[in-house]
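For reference, the structure is listed below as structure tokens.
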Amino acid sequence: MTESRIVLYYKFAPIKDPEAVKLWQRTLCEQLGLTGRIIISEHGINGTVGGEMAAVKRYVKQTKSYTPFRGTEFKWSEGGAESFPRLSVKVRPELVAFGVPDQVKVNDDGVIGGGEHLKPEEVHELVETKKREGVEVTFFDGRNAMEAQIGKFRDAVVPDTETTRDFITELDSGKYDHLKDQPVVTYCTGGIRCEVLSALMKDRGFEEVYQIDGGIVRYGETYGDSGYWEGELYVFDGRMNTRFSEDAKTIGECVNCSAATSSFYNCLDRGCSNLQLYCEDCKHIPETVRCSKCEARLAANPNDPNQGVLDKVRRP
Ligand SMILES: [Zn+2]
Ligand SMILES: [Zn+2]
């Protein structure tokens with residue numbers, strides 16, 4: 001049996017002709033029998049690609065041979081093409097959809113004006129050093145707010161975001177202006193969002209912004225549950241949540257009964273993809289598995305055609 005693997009990577013670098021890079025990447029993946037998702041923009045490339053190990057190795061080598069992508073860090077992971085049924089290679093205005101492509105500037109070194117990169121150990125050094133000066137370091141969650149329900153950095157600020165675009169409104173609202181002269185460490189799952197978010201924050205007058213190299217994933221590999229991270233990590237695959245160790249705290253609460261849980265389930269109304277936390281006992285009760293938005297919509301319109309369509313997802 002041949003071994004298969006996935007690689008995850010991103011690289012911010014100026015791309016003059018994203019369409020040409022798209023064609024090259026698609027052909028390369030097709031020739032090597034790889035599947036996955038690749039986004040290319042004028043700011044660089046972001047991909048998750050899987051397949052047979054030898055083919056993935058060739059892919060990595062070829063991709064790095066293109067000058068703008070030289071030095072790209074590829075993170076290897078278990079699994080293979082079976083994790084992605086097909087190949088999707090797209091050109092988009094942004095690698096991460098903050099909705100402000102013109103505010104993001106990149107050069108050969110990456111995003112211009114981003115927060116200082118900290119290795120996991122350096123995060124701890126920063127917190128300790130500032131503490132001796134009597135200054136508190138604030139962790140700032142760069143993900144969608146829902147993800148922080150099951151895990152976040154200790155005392156982190158969690159912006160009110162349903163999508164990445166909401167960060168712009170949040171930052172411009174003045175809510176976080178008290179942090180503008182404070183040390184702020186942004187974090188996200190794998191680091192790509194914070195490359196952009198930290199630059200957008202600095203643009204808006206946040207003076208001392210840092211970002212964690214490799215995001216929560218790399219921090220967790222280093223410190224597990226014995227550092228500043230608390231809870232479980234939301235992940236964008238079938239698992240939904242993952243923990244760094246058996247010592248992980250369960251900080252999420254069932255929306256129905258407040259019992260501790262880290263399990264997200266889809267709202268069962270047709271056409272709704274909101275995720276909510278349910279405990280083992282409550283996840284089976286039909287009356288409780290509709291999200292609050294759908295509840296409100298139904299209250300306003302009892303004849304809603306989606307009412308009662310509660311079998312979209314079969315729960316384990
Ligand atoms: Zn419950
Ligand atoms: Zn819903």
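Since the structure is predicted, the reported quantities are computational estimates derived from the model, not experimental observations.
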task: Evaluate the salt bridge (charged side-chain N to carboxylate O under 4.0 Å, His left out) criterion for residues Arg92 and Glu94: first the C-alpha distance (whole Å), next the side-chain angles of each, then the deciding distance (0.1 Å), finally the verdict.
output: CA-CA 5 Å; Arg92 289 271 164 80; Glu94 296 168 286; over 6 Å; no
- request: Tell me, please, which residues at least two apart from Trp24 pass ring pair (Phe, Tyr, Trp, His ring centres under 6.0 Å).
  value: Tyr66
- request: Indicate whether the side chain of His117 and that of Glu122 have a donor and an acceptor atom separated by less than 3.5 Å.
  value: no
task: Of all the heavy-atom pairs spanning Val209 and Phe206, show the shortest one and how long it is.
output: CG2-CB, 3.6 Å
Minimum-distance pair of heavy atoms, taken over all atoms of Val127 and Val137: CA-CG2, 3.9 Å
field: Donor-acceptor side-chain pairing of Asp225 and Ser245 below 3.5 angstrom
entry: yes
- prompt: Would you say the side chains of Gln276 and Tyr278 form a donor-acceptor pair under 3.5 Å?
  reply: yes
Sequence neighbours excluded, every pair satisfying side-chain hydrogen bond (donor to acceptor under 3.5 Å, both in side chains) that has a member inside residues 153-162: Glu162-Lys293
query: In terms of side-chain geometry, is the basic nitrogen of Glu208 or Lys130 positioned less than 4.0 Å from the acidic oxygen of its partner?
result: yes
statement: Sorted by chain and residue number, the side chain to side chain donor-acceptor pair (under 3.5 Å) partners of Glu73 (sequence neighbours excluded) come out as Arg218
field: Nearest atoms (heavy-atom pairs only) where Leu275 meets Asn266
entry: CD2-N, 3.7 Å
query: What pair of heavy atoms forms the shortest contact from Val235 to Thr242, and how long is it?
result: CG1-CG2, 3.6 Å
message: Is it true that, when you exclude Lys119 itself, more than 12 heavy atoms of the residues, nucleotides or ligands shown sit nearer than 6.0 Å to its NZ?
response: no
- request: Ignoring hydrogens and angles, state whether a donor on the side chain of Ser262 or Glu232 is under 3.5 Å from an acceptor on the partner side chain.
  value: yes
- request: Name all pairs fulfilling the salt bridge (Lys or Arg N to Asp or Glu O under 4.0 Å) condition that reach into residues 21-47, sequence neighbours left out, sorted by first residue then second.
  value: Glu19-Lys22
field: Electrostatic pair Arg204-Asp172, nearest N-O below 4.0 angstrom
entry: yes
- line: Closest non-hydrogen atoms of Pro120 and Thr222, given as atom of the first, atom of the second and distance, are CG-OG1, 3.4 Å
task: Go through the steps for Arg193 and Thr164 under the test side-chain hydrogen bond (donor to acceptor under 3.5 Å, both in side chains), then give the verdict.
output: CA-CA 9 Å; Arg193 279 174 172 221; Thr164 311; 2.9 Å; yes
Side-chain ion pair, Glu221 and Lys75, N-O less than 4.0 Å: yes
message: When you measure from the side chain of Asn107 to the backbone of Asp109, do you find a donor-acceptor pair of N or O atoms at a distance under 3.5 Å?
response: yes
task: Using atom types as modelled and distance alone, determine if a side-chain donor or acceptor of Glu195 lies under 3.5 Å from a backbone N or O of Gly114.
output: no
- prompt: Hey, is NZ on Lys131 packed in by over 12 heavy atoms from elsewhere, all under 6.0 Å?
  reply: no
Minimum heavy-atom distance Gly142-Leu197, with the two atoms named: CA-CD2, 3.6 Å
Residue pairs, two or more places apart or on separate chains, that pass ring-ring contact (aromatic ring centres under 6.0 Å, His included) and touch residues 123-164: His124-Tyr219, His124-Tyr223, His124-Tyr228, Phe139-Phe153, Phe139-Tyr228, Phe140-Tyr176, Phe153-Tyr187, Phe153-Tyr219, Phe153-Trp229
- request: Please confirm whether the backbone N or O of Arg70 pairs with a side-chain atom of Lys11, one donor and one acceptor, at under 3.5 Å?
  value: yes
message: With salt bridge (Lys or Arg N to Asp or Glu O under 4.0 Å) as the rule and sequence neighbours excluded, what pairs involving residues 132-153 come up?
response: Asp141-Arg143
